[in-house]
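The model shown is predicted, which means the values in this text are computed figures rather than measured ones. Start at 1 with the first residue, then count along the sequence.
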Amino acid sequence: MEAGKGEIDVARDLSLRNIDIMDNAATTQDQNTDMVVISRHDQPKVYFQLAELQKMFRKTAHLRRMGSGYMGAGQYIRIGDKMQGMYKTYEDVRLNWRLVSKTEGGITKYYLLHEVNERMIYVGRKDPWSPLAVDAKEQYLYNTQGAMQEVKALEREYITGEKRKQPSNSIRKEIDGEMCLVTYAYYAVNKNRGNDFNSKDAYVCEHYMNGGYAISNNKHQIILDNLKSVKLSDDNIAEVVFIGEEKPTWVNLYTMQEFDERPVVERVGFMDMLRVDNNYYFYKNRDLTGIPMFDWSCIANDRIFLFLDLYVILRDQPDKVYYMDGERRGSDQWYLKLIDIANPNIKNFKEVPSSWLPKRN
């Protein structure tokens, strides 16, 4: 028998027994296990989840037991709370937060999972740490065999940002060896609609066929689509309702992070941050999108922004994040040793005077 296999089997059995509790008709919460018990109307979904979990357990030889579930083979299986389910895991881990995702109904949503305490934070429908986080795409429709098909393209010639009728001669393009008639998928909403539809960095578009909305940047590239309603603002926080949903969502168009309440832009030293309740989030730094920080863990002066006690951003290098790797005594003063977290190399560090560090009030 492989080492640890018996322990894994026991953990699997325990997990399945816990998940099976959800089949109860009760609507109360078990105080001993902190297990949210799903009501009777959710039983079909519970049966499906249970079957999928059993299949996953059978296929996965090595699962690491965690406080709220199991992780292994590119999967995170969470049980026992409202975030339960099966998530795809990614190797990208930043400041102890791991990127995970879950796809339901054809919609993929991204979360951050803390490696130590398993706290989960919803980020949005875009991969927050990918260069495609703002997923600029241009869309047009073409006619093939009497049906209109939507195509996502990288060619700007088919998006003008102007709301106008299709030219009488249409636009022709060769697609897969065939000459096709092409029309724009989205047209800009008339400028006279006001600031809700036209901010300094974006504008609202209407879909040519289905009447839905999208948001375009000023390069005439679609950055968010499938919207039922949109309101823009000059701080680049858009209030949207996605098609198929009723509640509004607020999206930071710099990072594409989503919130269920409107964040407020606050100045912390030389940095603009987003505040939601007692947490700060980065406003424009896509590399750290979604990572929550208690407000008291962020302090700054006119030279350094210090967060989570160990990380700093320098005013003259706002796009770099450094890790503080101790101090060095110089001939005249102490110096902080800073290591770029994007290119960590203990032999290649930056030094700044320790006296530059901000002080807590």
Side-chain angles (χ1 to χ4, degrees), residues 67 92-99 111-124 128-129 133 233 235-237 250 252 254-361:
D92 206 347
V93 178
R94 306 185 186 186
L95 310 189
N96 286 325
W97 291 90
R98 178 183 293 276
L99 183 65
Y111 302 79
L112 297 186
L113 171 68
H114 198 275
E115 291 276 271
V116 179
N117 59 31
E118 285 189 86
R119 182 183 177 191
M120 286 192 72
I121 300 292
Y122 174 62
V123 181
W129 297 339
S233 62
D235 60 7
N236 260 18
I237 307 297
W250 285 265
N252 175 12
Y254 288 117
T255 65
M256 307 312 293
Q257 182 178 2
E258 298 176 19
F259 301 89
D260 58 9
E261 62 180 276
R262 198 189 199 289
V264 177
V265 180
E266 283 192 8
R267 192 80 170 175
V268 182
F270 58 88
M271 291 284 291
D272 284 330
M273 304 292 291
L274 291 183
R275 175 190 281 276
V276 178
D277 297 327
N278 295 322
N279 284 331
Y280 279 133
Y281 296 88
F282 282 101
Y283 183 29
K284 299 179 180 180
N285 188 320
R286 293 217 313 267
D287 290 336
L288 298 178
T289 298
I291 295 178
M293 299 167 287
F294 289 119
D295 50 8
W296 52 262
S297 70
C298 301
I299 57 175
N301 54 28
D302 60 354
R303 286 175 167 166
I304 289 180
F305 176 80
L306 172 66
F307 62 101
L308 301 177
D309 294 327
L310 295 174
Y311 303 95
V312 300
I313 295 175
L314 304 178
R315 181 172 190 141
D316 60 351
Q317 293 180 298
D319 296 325
K320 281 186 176 290
V321 178
Y322 291 98
Y323 170 77
M324 292 193 298
D325 191 42
E327 290 181 286
R328 181 187 68 82
R329 176 66 181 178
S331 59
D332 55 343
Q333 61 181 319
W334 286 91
Y335 290 87
L336 290 172
K337 295 173 60 178
L338 304 180
I339 297 178
D340 184 352
I341 66 170
N343 298 288
N345 185 341
I346 60 175
K347 294 182 180 180
N348 184 21
F349 57 86
K350 184 182 181 68
E351 288 187 334
V352 298
S354 298
S355 59
W356 284 15
L357 273 178
K359 304 292 191 297
R360 296 188 184 277
N361 293 331

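Side-chain contact check for Leu336 versus Tyr322: every heavy-atom pair is 4.5 Å or farther apart. Counting heavy atoms from C-beta outward, Met273 and Tyr283 have side chains that stay 4.5 Å or more apart. A heavy-atom distance below 4.5 Å is not found between the side chains of Leu113 and Trp97. For the pair Met293/Phe282, a side-chain contact is recorded, criterion being any heavy-atom separation below 4.5 Å from C-beta on. Leu338 is listed as a side-chain neighbour of Val312, based on a closest heavy-atom distance under 4.5 Å. Two residues are said to be in side-chain contact when any heavy atoms from C-beta on lie closer than 4.5 Å; Asp340 and Lys350 fail this criterion. Two residues are said to be in side-chain contact when any heavy atoms from C-beta on lie closer than 4.5 Å; Met271 and Asn285 fail this criterion. Annotation: side chain of Arg303 is not in contact with side chain of Leu314 (no heavy-atom distance under 4.5 Å).
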Practice task
Might you work through the side-chain contact (heavy atoms from CB on, under 4.5 Å) test for Tyr122 and Asp260, ending with a clear yes or no?
Solution key: CA-CA 10 Å; Tyr122 174 62; Asp260 58 9; over 6 Å; no
Exercise for the section: Check the pair Arg360, Asp309 against salt bridge (charged side-chain N to carboxylate O under 4.0 Å, His left out), reporting the backbone distance first and the verdict last. Expected result: CA-CA 11 Å; Arg360 296 188 184 277; Asp309 294 327; 3.2 Å; yes
Exercise for the section: Just do the side chain to side chain donor-acceptor pair (under 3.5 Å) check on Tyr281 and Gln257 with the steps written out, would you? Expected result: CA-CA 10 Å; Tyr281 296 88; Gln257 182 178 2; 5.0 Å; no
Exercise for the section: In sequence, state the C-alpha distance, the side-chain angles, and the governing distance for Glu261 and Asp277, and then conclude on side-chain contact (heavy atoms from CB on, under 4.5 Å). Expected result: CA-CA 9 Å; Glu261 62 180 276; Asp277 297 327; 3.5 Å; yes
Problem - side-chain contact (heavy atoms from CB on, under 4.5 Å) evaluation trace for Ile237 with Leu274 - result: CA-CA 10 Å; Ile237 307 297; Leu274 291 183; 4.2 Å; yes
Practice task
Just do the salt bridge (charged side-chain N to carboxylate O under 4.0 Å, His left out) check on Arg286 and Asp319 with the steps written out, would you?
Solution key: CA-CA 9 Å; Arg286 293 217 313 267; Asp319 296 325; over 6 Å; no
Practice task
Test Tyr280 against Glu266 for side chain to side chain donor-acceptor pair (under 3.5 Å), laying out the working first.
Solution key: CA-CA 9 Å; Tyr280 279 133; Glu266 283 192 8; 2.8 Å; yes
Practice task
Go through the steps to decide whether Asp235 and Arg262 satisfy the test side-chain contact (heavy atoms from CB on, under 4.5 Å), and finish with yes or no.
Solution key: CA-CA 11 Å; Asp235 60 7; Arg262 198 189 199 289; 3.1 Å; yes
Problem - salt bridge (charged side-chain N to carboxylate O under 4.0 Å, His left out) between Lys337 and Glu351, intermediate numbers included - result: CA-CA 5 Å; Lys337 295 173 60 178; Glu351 288 187 334; over 6 Å; no
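Between Asp295 and Arg275, the shortest heavy-atom contact is OD2-NH1, 3.0 Å. Nearest heavy atom pair, residue Ala300 against residue Gly269, reads CB-CA, 3.7 Å. Heavy-atom minimum distance, Asp316 versus Pro318: C-CD, 3.6 Å. Listed here is the closest heavy atom pair of Pro358 and Leu306: CG-CB, 3.9 Å. In terms of heavy-atom proximity, Ile339 sits nearest to Pro344 at CG2-CA, 3.7 Å. The two atoms that bring Glu327 and Ser354 nearest to each other are OE2-OG, 2.5 Å, heavy atoms only.
Taking the six-membered ring for Trp and the full ring otherwise, Phe349 and Tyr335 have centroids separated by 6.0 Å or more. Ring pair Tyr311/Phe305: centre-to-centre distance not below 6.0 Å.
The main-chain N or O of Arg119 is found under 3.5 Å from a side-chain atom of Asn117 such that the two form a donor-acceptor pair. Of the possible polar contacts, none joining the Arg329 side chain to the Ser331 backbone as a donor-acceptor pair under 3.5 Å is found.
Here the OG1-NZ distance, from Thr255 to Lys284, works out to 11.5 Å after rounding to the nearest 0.5 Å. Here the CD1 atom belonging to Ile299 is positioned 7.5 Å from the CG atom belonging to Leu357, to the nearest 0.5 angstrom. Note: Trp129 CH2 to Ile291 CD1 = 5.0 Å, rounded to the nearest 0.5 Å. Phe307 contributes atom CZ, which lies 7.5 Å from atom SG of Cys298 (distance to the nearest 0.5 angstrom). The CD atom of Glu115 lies 11.5 Å from the CG atom of Leu95; values are rounded to the nearest 0.5 Å. Here the straight-line distance linking atom CZ of Arg315 with atom CH2 of Trp356 works out to 12.0 Å at 0.5 Å rounding.
Between Arg98 and Asp92 no salt bridge is recorded (no basic side-chain N to carboxylate O distance below 4.0 Å).
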